[in-house]
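One is the number of the first residue; the rest follow in order along the sequence.
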Amino acid sequence: MLRILRAFAWLRWRMLLNSLERTGARDAVERFSLAIEKLGPIMAGVLMIPSGLLLAAGSVAGGFALARGDQQSLFFEVARYLLLAVPAFCIVGPLLMPAADRTNPVRLLLLPIPARTLYVAQASAAFGDVWILIMLPLVLFVPIGLIAGGAFAAALIAVAGGVLLVAVMIGISSLSTSLLHLAVRDRRRGELLALLFIVVIPAVSMIPGLLQGSRHRARVEGGTEVRTTMQAPEWAAAAGAWVKTLYPSELYVTSTREAARLDLMPAATRLAALAATGVALHALGMFVFGRVLASPGSTGARRQAAPMSAAWGRTLPGLSAGASAVALAQLRLALRTPRGRAILLSPVVMIGIFGTLMRRTTGAMDFGSMSFEGGLSLATFGSFVSLISILPIAMNQFAVDKAGLTLALLSPLTDGEYLAGKAVGNGLIAAIPAILCGLLSLMIFPAGSPALWVAIPLSLAATYFLVAPAAAVFSAIFPRVVDMNSIGRGSNAHGLAGLLGFFTFVVSAAPCALLMLVASQWLGRPGLVPVFLLAWCVVAYVIGRILFVPARKLFAKRRENLALIL
């Protein structure tokens, strides 16, 4: 088994080096893009070294304080609360975090490798998770502090507890990864799961904080301080206490404290409970992993209805037939994939929640130094979020097509038509949620100046005219092969392209904000805002057309290389 695991480790290392080596199929731009993509996590890991040293020093201090009889040491309490979050990250991480994008082990079944070895190889990948790396200094250096304080028996129990805790965390992570693989085997089920974790859960998780901010605002406006306390039901409190006693990190923390007090028998009992938890998790993980290996690759293929096929074949006004086909294909990609649907639905869900809470409270909502009052603020925020949300697809607009890019490059399309179709398609993806957010805000809060309501779509159009050529440039320089069915890092654009794209959005929106400020605040004439913005739309459109000239030239130089990448 060890030889096979070493071979897996060597394979991962060679894959990293091969992605950075110079080959005839890669030019300097692609090698730079790959280097940024591959070396970014390594650089982040290097930057984590000071944090790891700080955690190690704090763990040593916490262990030393326990050995000297300080059961409530600040250093040990900090370690305890950090460990509390690790199991949650081990559950959520394989669903949302970048480290969850691990190799599918099904393709390795052709090799003479036992299933147990494949499971160990899959589980060992959890050591690359950030939360596991943060946990290691905590559990490794607490025993050193105990030894320094003279508590040798407690140090031995802490070592055993740390090893068992790491095994439990790896079991949780491996089980979550295998369950995710089983869930996404069915395409429809995988899409629903993606939408749940990308749209619904983050939106619902914001409600408590929003309600708290609304209550605080109501107390301030009323001029009175109202204190409310909520008592949990007795059964909920009892269940919470029972879960706390069986929580893996709490078992480790409690056993270490009991061992420092020389209560060795209770400490050993908690270690036994931790060991039983680890065995149960890995046994269940092995069973689910076996189901992953035995299940088919995918199910639930889609069929396209004939009426919809006819609708997608129409030509958009102002575009050639080829450019219109590219634009509609881009929009169709967003409508059919989980990540694309999240781009379309997330702003609408967010504005729906914000608007409902604002309507039920004071018509406003606080976010620290920023507050929303009325429908205009809500619609402006929703429109900006709709524009920003297209970053994953707009800043990687060529690579998201995968093999479709090769077909497009072989078709009788000019570079201008292809780039124009991509620009219009991305604009439609942003326009749909922006329009829905504006209409929803207008329905909830119909008050406000009509001129300012008209100014919102004009601002979005002017901003996008300037962003569209930049998005084409970034997509050509920093392409990244993605899976739009993924709910993690696998569907994001290149990190540098996303960062530059966000900066471009902010800079492009600045003139619109300045014009609105000049007309409504300095001149005191809000009715002039649409006039100024309409004139700026014309200027921005001309600037965008000019910027598309170098963008087309760059795309023409990168055509063959983009096709080779995909």
Side-chain angles (χ1 to χ4, degrees), residues 1 5 79-80 82-97 99-100 102 105-106 113-129 131-136 138-140 142 156-185 193 197 235-236 238-259 264-295:
M1 179 182 292
L5 294 178
R80 174 195 175 190
L82 288 176
L83 291 175
L84 278 173
V86 175
F89 279 111
C90 288
I91 295 174
V92 179
L95 298 173
L96 301 178
M97 301 298 179
R102 298 169 185 156
V106 176
I113 301 176
R116 294 189 302 272
T117 305
L118 290 177
Y119 173 76
V120 174
Q122 178 81 353
S124 62
F127 282 104
D129 295 339
W131 41 92
I132 298 293
L133 295 176
I134 291 177
M135 182 183 69
L136 290 179
L138 300 175
V139 299
L140 292 178
V142 167
L156 183 61
I157 290 179
V159 169
V163 172
L164 292 174
L165 182 62
V166 172
V168 169
M169 296 301 105
I170 293 175
I172 294 175
S173 182
S174 178
L175 179 60
S176 300
T177 303
S178 298
L179 289 175
L180 175 64
H181 280 307
L182 282 180
V184 299
R185 287 299 169 88
L193 181 68
F197 280 93
W235 65 267
W242 181 73
V243 170
K244 181 180 178 181
T245 58
L246 298 179
Y247 198 72
S249 63
E250 285 297 297
L251 287 174
Y252 166 77
V253 169
T254 306
S255 65
T256 304
R257 283 176 169 167
E258 290 173 344
L264 300 183
M265 186 57 66
T269 302
R270 298 187 187 278
L271 286 185
L274 196 59
T277 303
V279 171
L281 284 172
H282 282 286
L284 183 59
M286 276 286 295
F287 173 76
V288 177
F289 186 75
R291 296 293 301 271
V292 172
L293 298 180
S295 61

Enquirer: Can you check whether Tyr252's main-chain N or O pairs, donor with acceptor, with Ser255's side chain at less than 3.5 Å?
Expert: yes
Enquirer: Rounded to the nearest 0.5 Å, what separates atom CG in Leu82 from atom CZ in Arg80?
Expert: 12.0 Å
Enquirer: When rounded to the nearest 0.5 angstrom, what distance separates CE in Met265 from CD in Glu258?
Expert: 11.5 Å
Enquirer: For the pair Ser173 (side chain) and Ile170 (backbone), establish whether a donor and an acceptor sit closer than 3.5 Å, ignoring hydrogens and angles.
Expert: no
Enquirer: Can you see which heavy atom on Val288 is nearest to which on Ser178, and at what distance?
Expert: CG1-CB, 3.5 Å
Enquirer: What's the shortest heavy-atom distance between Ala267 and Ile157, and which atoms?
Expert: CB-CD1, 4.1 Å
Enquirer: Find out whether Leu84 and Glu250 are in side-chain contact, i.e. whether some heavy atom of one side chain is under 4.5 Å from a heavy atom of the other.
Expert: yes
Enquirer: Can you find a pair of side-chain heavy atoms, one from Cys90 and one from Ile132, that are under 4.5 Å apart?
Expert: yes
Enquirer: Show your reasoning for whether side chain to side chain contact (heavy atoms under 4.5 Å, CB included) applies to Ser174 and Phe289.
Expert: CA-CA 9 Å; Ser174 178; Phe289 186 75; 5.8 Å; no
Enquirer: Which pair of non-hydrogen atoms, one from Ile91 and one from Ser176, has the smallest distance, and what is that distance?
Expert: CA-OG, 3.5 Å
Enquirer: Would a 4.5 Å heavy-atom cut-off, applied to side chains only, mark Val166 and Met169 as touching?
Expert: no
Enquirer: Would you name the heavy atoms of Gly162 and Val139 that are closest together and state the gap between them?
Expert: CA-CB, 3.9 Å
Enquirer: Determine which pairs satisfy side-chain hydrogen bond (donor to acceptor under 3.5 Å, both in side chains) with at least one residue from residues 156-168, sequence neighbours left out, and list them in order.
Expert: none
Enquirer: Side-chain donor-acceptor pairs under 3.5 Å in residues 271-283, sequence neighbours left out?
Expert:
unit_1	atom_1	unit_2	atom_2	d
Thr277	OG1	Ala273	O	2.8
His282	ND1	Tyr119	OH	2.9
His282	NE2	Ala167	O	2.9

Enquirer: Restricting to non-hydrogen atoms, name the atom on Arg270 and the atom on Leu251 that form the minimum distance, rounded to 0.1 Å.
Expert: CB-O, 4.1 Å
